[in-house]
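Note that this is a predicted model, so its numbers are computed, not measured. In what follows, every heavy atom counts, from backbone to side chain, and hydrogens, waters and symmetry copies are set aside. Reminder, nothing fancy here: chain letters follow the sequence lines and each chain counts from 1.
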Amino acid sequence: MSSSNEEEIEWTDDDEEDNIGLDSDVARLRNEESMAAGPSRPPLVSHFIGMGFPEDMITHAIEEHGEGNTESILDTLLTYTAIEKSPSSQMEVSPQSEGEIPLTDEEFSDIDVTGEEERVADLSEKDKRLLQLVEMEFPAEDALSAIDRCGPNASFLELVDSILAAQMAKDSDDFSDLWEDFPLSEDEEEETNVREDKRRQFLNRNQYGSGPSTGLHTSPSNLPYPMVGFGLPSDPQRITHRELPKSAYGPPYFYFENVALAPKGVWEEMSKHLYHVEPEFVDSRYFCSTARKRGYIHNLPIDKRIQLLPPPPLTIQEALPSAREWWPSWDNRTKLNCILTSKVSARHTKKIIEAIAITSGESPSPLVQEFVLKECRRWNLIWVGLHKVAPLEPGDMEVLLGFPRNHTSGLGFSERYKCLGNSFQIDTVAYHLSVLKELFPHGLRVLSLFSGIGGAEVALHRLGIPLNLVVSVEKSESSRMIFKAWWGQTKQRGTLISMDDVKQLNEEKLKELIRLYGGFDLIIGGSPCNNLTGSNRVSRTGLEGEHSSLFYDYSRIVHFVRSFIRGRM
DNA sequence: ACGATTATGAGAGGAACG
DNA sequence: CGTTCCTCTCATAATCGT
């Protein structure tokens, strides 16, 4: 009966904003195409020199805006001098311009688990490995002997495996309780047989370094590096076995997703409410050409994962050939940052492009390069023309995330950015869900919460898993519309039940659905991250926030459905 | 009224350095 | 060890423009 599904617009009580404030003439600096490049006058130049700007920069700015527009000139100068506040600019840029480490194609395509930031080979390979292992709090002697055992060019995971194998051989259960100092949830009395696979413990090193009870102490590096979860498809040494808490084992399976960089304590709290299953943190940068750091709490088997075929391009330049055409050599990015829900303003983009254009010649000056590169990283810009950058278009976002192009067409631009920024990366999720294909050869009954534009269903469909039943909960009407359109376009034969409020799924409704369809095989959902993500500058209030607290509905439904179904079996 | 546009940093972790 | 700098992040709300 909790049909009070209106918590969306509570702040409409103070909307008497009838300020038709068009009175203020804000029509200043509309368009300054006064390209009358007059002679640079010493008075104006010296005026800015007196303010501390370099002379050549002033000259360029005056040529750009015309000598009359002092306001725009000052604006430009202030923008450029923001670069100089970084004292490392001179040191970092100059060796690059002369030393010139060119980007080879192998660097574009090769994905190394140990991270590509380590290509500087000052230390010997052995020393670097040793340093890494010691930083992960392995005893130095154990690390050394492992390096000796595995040879000079062993992968990082091989070394970890070797060390842990040796440690387990000599019976060490002294570091197995990172996970056990959590208070048990009141509903489950699972014995704390959280004998986690030790390889995973060390992969996700320090994952829960500071327990919730004690104050913080040592380095709370909460997230693993590299953020590859149980391992990549290409890694033969990837982890293929883990031990789940007993209460979490078996179907119906659950698969939960949220942002990896949540406020402190949030992942511990979410794990506590999902059978104490340890999250798997994965950055989609290892599966495609755009980053997406996410945590996944699930009870799926992990031993027979297969990646989606064909695998997507791993670099921007491969994924967006039109961008590669214009990509300058001094932009060394091969991966895009996370696709967010909003994009850069056209005004700011114009300012960046003007900064590039201010240098005549082949390539901009090192200072401008650094400025542009920084802005490109911040706003996830790509090259769309000679000396011209632009934000991603919705169609490119769809492809990068693994959706069919034009998956969200029919919506306005703002809505497309929003729902795409909120969605899964299909290849990453499909890799995890792929184990279901063998387990359910005749198809799945899916309970899909916070479905959005149907990322989970698209992943399952691309895996070739029939969707016999999908009960989908999604608040946004436009997202529901997109999902239903996809459902029809792909000629799904199963049953689709769509609703808008997760509160409607009370025990009675769930019992009815289970009675009708026999049960569910998978309960999947990424609960709202609004109050968790660092992108939120206004209301990053944590798991108890207005939207993100809907996580508790996910865990409530998972617990009820699992206990109810398993009670009938 | 409604979609499009725009301005708005904190926070956490890692790297470099002494 | 601490300090400093650097990097990145499934967004919100006021405003604009039809």
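- Ranking C:dC10, C:dT12, B:dT6 by closeness to the A:Arg292 side chain, first place goes to C:dC10.
- Atom CD of A:Glu546 sits about 7.5 Å away from atom OG of A:Ser539, to the nearest 0.5 Å.
- The distance between atom CD1 of A:Ile339 and atom C1' of C:dC10, rounded to the nearest whole Å, is 10 Å.
- Taking atom CG of residue A:Leu449 and atom P of nucleotide C:dC10, one finds them 21 Å apart after rounding to whole Å.
- Checked against a 6.0 Å centroid threshold, the rings of A:Tyr554 and A:Phe254 do not count as neighbours.
- Here A:Ser527 lies in heavy-atom contact (under 4.0 Å) with a base.
- Distances from the side chain of A:Lys264 to the nucleotides B:dA12, C:dT9, C:dT12 place B:dA12 closest.
- Under the 3.5 Å distance criterion, the side-chain polar atoms of A:Gln317 are matched with a main-chain donor or acceptor of A:Arg333.
- Taking atom CG of A:Leu373 as the reference point, atom P of C:dC6 lies 14 Å away to the nearest angstrom.
- As judged by a 4.0 angstrom heavy-atom cut-off over every strand, A:Leu261 is placed among residues making no nucleic acid contact.
- Other residues, nucleotides and ligands contribute more than 12 heavy atoms inside 6.0 Å of the CZ atom of A:Arg405.
- In this structure, the nucleotide among C:dC10, C:dT12, C:dT7 sitting nearest to the side chain of A:Lys374 is C:dT7.
- When the side-chain nitrogen and oxygen atoms of A:Ser535 are compared with OP1 and OP2 of C:dC10, none of them lie within a distance under 4.0 Å.
- Following rounding to the nearest Å, A:Arg347 (CZ) and B:dA4 (P) show an atom-to-atom distance of 18 Å.
- Among the nucleotides C:dT12, B:dA7, B:dG11, the one closest to the side chain of A:Arg540 is B:dG11.
- Nearest to the side-chain atoms of A:Arg377 among the listed nucleotides C:dC8, B:dT5, C:dC10 stands C:dC8.
- Residue-level contact check: A:Gly526 touches the bases, meaning some heavy atom is under 4.0 Å from a base atom.
- Look at A:Arg378 and you won't find any side-chain N or O under 4.0 angstrom from OP1 or OP2 of C:dC8.
- Nearest-nucleotide positions on DNA chain B for A:Pro263 and A:Trp379 put A:Trp379 closer to the 5' end.
- Using a 4.0 Å cut-off between charged nitrogen and carboxylate oxygen, A:Glu269 and A:Lys272 count as a salt-bridge pair.
- For A:Glu257, counting side-chain heavy atoms from C-beta on, the closest listed nucleotide (C:dC10, C:dT12, B:dA4) is C:dC10.
- In this structure, A:Arg537 atom CZ and C:dC8 atom C1' are separated by 12 Å, rounded to whole Å.
- Straight-line distance from the CG atom of A:Leu532 to the C1' atom of B:dA10: 15 Å, rounded to whole Å.
- With C:dA13, B:dT6, C:dT9 as the choices, the nucleotide that has an atom nearest any side-chain atom of A:Cys338 turns out to be C:dT9.
- In this structure, A:Thr533 does not reach the C:dT9 phosphate: none of its side-chain N or O atoms is under 4.0 Å from OP1 or OP2.
- Between the OH atom of A:Tyr225 and the P atom of B:dG14 there is a distance of 11 Å, given to the nearest Å.
- The partner of C:dC10, taking Watson-Crick or G-U wobble pairs whose two distances both stay under 3.5 Å, does not exist in any strand shown.
- No more than 12 heavy atoms of other residues, nucleotides or ligands sit less than 6.0 Å from atom CD of A:Glu393.
- On the C1' atoms, C:dC8 is 13 Å away from B:dG9, given to the nearest whole Å.
- Each of A:Glu415 and A:Ser342 has a nearest nucleotide on DNA chain B; the 5'-most of these lies closest to A:Glu415.
- Comparing B:dA4, C:dT9, C:dT12 by their closest approach to the side chain of A:Asn337 singles out C:dT9.
- Here A:Glu474 does not pair with A:Arg480 in a salt bridge; the nearest charged N to carboxylate O distance is not below 4.0 Å.
- OP1 or OP2 of B:dA4 has at least one side-chain nitrogen or oxygen of A:Ser414 nearer than 4.0 Å.
- Nucleotide B:dG9 is matched to nothing when pairs are restricted to Watson-Crick or G-U wobble geometry with both distances under 3.5 angstrom.
- Going from atom CG of A:Leu411 over to atom C1' of B:dC2 covers 15 Å, rounded to whole Å.
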